[in-house]
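Only one structure is covered here, and it is reproduced in the block below.
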Amino acid sequence: MAKSTRGTVTAFSPFDARADAEALRKAMKGMGTDEETILKILTSRNNAQRQEIASAFKTLFGRDLVDDLKSELTGKFETLMVSLMRPAYIFDAHALKHAIKGAGTNEKVLTEILASRTPAEVRNIKQVYLQEYEANLEDKITGETSGHFQRLLVVLLQANRDPDGRIDEGLVEQDAQVLFRAGELKWGTDEEKFITILGTRSVSHLRRVFDKYMTISGFQIEETIDRETSGDLEKLLLAVVKCIRSVPAYFAETLYYSMKGAGTDDDTLIRVMVSRSEIDLLDIRREFRKNFAKSLHQMIQKDTSGDYRKALLLLCGGDDE
C-alpha cells in the first residue's frame, strides 16, 4: 500500500509489542472477554505494529492472535478486528480472492479496488496474489467476468496507465472528441474507446480531457457514461472517472452509500475504513464533510452500535463538525 501521511492511524509511540501482547492475552483469557482493551490497542497501533504484536503473542503464549480473536469475538466487530490484523501488503489480494471465489462474483469489490489503486499498487497486488494463492489474478478475474466490464478490468490490471507528465493539449482535444463521437454522437456506443482512453491515459491528462469534454459536449463525462452504458461496466467506468478526479472523494461517496438508507453494507464500510486508515482517511473525512453536509464520524455514530461502533469511531479519528 502507498505510504502516506494522510491516514488517521500512525505508528504508536512508545510502542511495546510484548506489553500489548500480554494485555491482549489477559483480555481474552478466562471467562468473558474485555473487548474495550482489544479495540483500543488494535485501532491505535499501525499495521506494522499489529504484526509485531501477533509475533510477540505467539512467542509468549504459543497461540495465534488472529485465531484467538476469532474464537473470542463475534459478528461485525470480529470481522473488523480480524481485518485490522491482516498484513497491509496482502489486504487487497485477500479482498479480491474472496470477491471471485465461490458462487457469484462480487463486482463491487473488483470495481472499488481496481479503479482506485495506483499502477504500482496493482502490480504489487498481482505479485502478492501469485505468491499467496499460487494463481494468476488476471486469469481468475477473466474466468468470472465477461464483456466490456471484463475488458476494462483487464486493461486496469495491466497497470500501464501513462505516468503524469507534460500535457499535450492536442491529444487532450483529440481524446475529448473521440469520447464525444463514441458516445453522444453515435447511435449505440463505442465502449472500446471509453475503455482505452479511461484505462490508459495519465491522471493529469484525463482531468484536462474531462474539462474539454464538458466544453465540447455541454455534458459532464459522468452524465454521458450514465446515459450510454449500463450495469457493471457503467459502475466501473464511473468509479474510474471519480478516482481520476479525486480518490478521497470517491471513497467518501463509497462510505456514504455504504451507510445511507435502510441497512448498512458493513463489508464495504470495514474494507474502506481499514484499507484507507493509513493512507488518506483524513482527506476522505474532509471530502465527506464537504459533499454530504455531515461528518463521517456522525454517520458512523448514527448507523452502527456497540464495540463495532467504538472501534470504527476510533479509526475515523475525530469529528469534523
Side-chain angles (χ1 to χ4, degrees), residues 1-17 19-20 23-24 27 34-54 69 73 76-89 91-92 95 112 116-117 121 243 246-260 264-321:
M1 283 187 181
K3 281 286 154 275
S4 173
T5 52
R6 301 295 301 157
T8 53
V9 175
T10 52
F12 184 83
S13 179
F15 173 62
D16 182 341
D20 285 348
L24 287 169
D34 173 5
E35 287 88 358
E36 190 85 12
T37 295
I38 295 170
L39 70 89
K40 282 204 165 126
I41 291 176
L42 296 188
T43 58
S44 62
R45 310 301 188 259
N46 70 10
N47 193 275
Q49 291 175 326
R50 291 181 212 123
Q51 305 315 317
E52 287 185 53
I53 295 168
L69 290 168
L73 309 175
K76 296 174 283 204
F77 180 56
E78 176 197 336
T79 307
L80 176 56
M81 292 300 108
V82 170
S83 296
L84 285 170
M85 288 306 304
R86 191 161 294 121
Y89 79 91
F91 194 90
D92 287 342
E112 178 197 301
S116 65
R117 301 315 191 244
E121 287 169 333
C243 289
S246 163
V247 168
Y250 169 71
F251 280 118
E253 186 181 326
T254 303
L255 285 169
Y256 178 75
Y257 285 107
S258 75
M259 293 181 276
K260 186 183 185 292
T264 303
D265 176 357
D266 293 293
D267 287 342
T268 296
L269 180 55
I270 291 169
R271 188 174 57 252
V272 175
M273 291 296 287
V274 173
S275 66
R276 308 315 288 188
S277 62
E278 290 181 45
I279 298 177
D280 55 3
L281 194 48
L282 289 170
D283 297 327
I284 292 168
R285 268 171 41 187
R286 195 182 64 226
E287 292 291 335
F288 196 100
R289 181 73 192 79
K290 190 174 88 187
N291 298 333
F292 302 110
K294 58 171 72 123
S295 67
L296 176 59
H297 194 280
Q298 275 182 327
M299 199 154 182
I300 291 170
Q301 179 85 41
K302 190 174 109 311
D303 220 72
T304 58
S305 62
D307 295 315
Y308 176 54
R309 170 165 66 190
K310 279 184 202 164
L312 284 172
L313 290 175
L314 286 169
L315 281 180
C316 180
D319 196 345
D320 303 295
E321 271 316 296

Looking only at atom types and distance, does a side-chain atom of Arg276 sit under 3.5 Å from a main-chain N or O of Phe251, one as donor and one as acceptor? no
Which heavy atom of Ala311 sits nearest a heavy atom of Phe77, and at what distance? CB-CE1, 4.1 Å
To the nearest 0.5 Å, tell me how far Met299 CE sits from Lys260 NZ. 7.5 Å
Donor-acceptor check, side chain of Asp20 to backbone of Ile53, threshold 3.5 angstrom: yes or no? no
Checking side chain to side chain contact (heavy atoms under 4.5 Å, CB included) against Ser83, which of Met85, Met81, Arg86 comes through? Arg86
Between Gln301 and Leu313, which heavy-atom pair has the shortest distance, and what is it? OE1-CD1, 3.2 Å
Is the ring pair Phe292/Tyr256 parallel, tilted or perpendicular, if the boundaries are 30 and 60 degrees? parallel
Could you walk me through whether Thr10 and Asn46 pass the side chain to side chain contact (heavy atoms under 4.5 Å, CB included) test, one step at a time? CA-CA 5 Å; Thr10 52; Asn46 70 10; 6.0 Å; no
Show your reasoning for whether side chain to side chain contact (heavy atoms under 4.5 Å, CB included) applies to Lys310 and Glu36. CA-CA 9 Å; Lys310 279 184 202 164; Glu36 190 85 12; 3.0 Å; yes
Measuring from atom OG1 of Thr43 to atom CG of Leu80, what distance do you get when rounded to the nearest 0.5 angstrom? 8.5 Å
Does a side chain donor of either Tyr308 or Asp266 reach within less than 3.5 Å of an acceptor in the other side chain? yes
So does Asn47 get a backbone contact from the side chain of Glu278, meaning a donor-acceptor N/O pair under 3.5 Å? yes
Which distance, rounded to the nearest 0.5 Å, do you find between the CG of Asp307 and the CG of Leu73? 8.5 Å
Nearest 0.5 Å, what's the CG-CD1 distance between Leu315 and Ile300? 8.0 Å
Does some side-chain heavy atom of Ile279 sit less than 4.5 Å from a side-chain heavy atom of Val247? no
Stepwise, does the side chain to side chain contact (heavy atoms under 4.5 Å, CB included) test hold for Val272 with Glu112? CA-CA 9 Å; Val272 175; Glu112 178 197 301; 3.8 Å; yes
Checking the side chain of Arg50 only, and the main-chain atoms of Leu42 only, is there a donor and an acceptor separated by less than 3.5 Å? yes
Heavy atoms of Ala23 and Thr37 approach each other most closely as O-CG2, 4.0 Å
Any chance you could measure Ile41, atom CD1, to Leu24, atom CG, to the nearest 0.5 Å? 4.0 Å
CA sep, side-chain torsions, deciding dist, call: Leu296, Met273, side chain to side chain contact (heavy atoms under 4.5 Å, CB included): CA-CA 11 Å; Leu296 176 59; Met273 291 296 287; 4.1 Å; yes
Can any side-chain N or O of Gln298 pair as donor or acceptor with the backbone N or O of Ser295 at less than 3.5 Å? yes
Given Arg286, which of Asp283, Ile284, Leu282 fulfils the side chain to side chain contact (heavy atoms under 4.5 Å, CB included) condition? Asp283
Test your reading of the model: is there a side-chain donor-acceptor pair from Arg6 to the backbone of Leu281, 3.5 Å cut-off? no
Are the side chain of Arg285 and the backbone of Cys316 linked by a donor-acceptor contact shorter than 3.5 Å? yes
One should read off an interatomic distance between Ser13 OG and Asp16 CG, to the nearest 0.5 angstrom, of 11.5 Å
Any donor-acceptor pair under 3.5 Å linking the side chain of Asn291 with the backbone of Glu287? yes
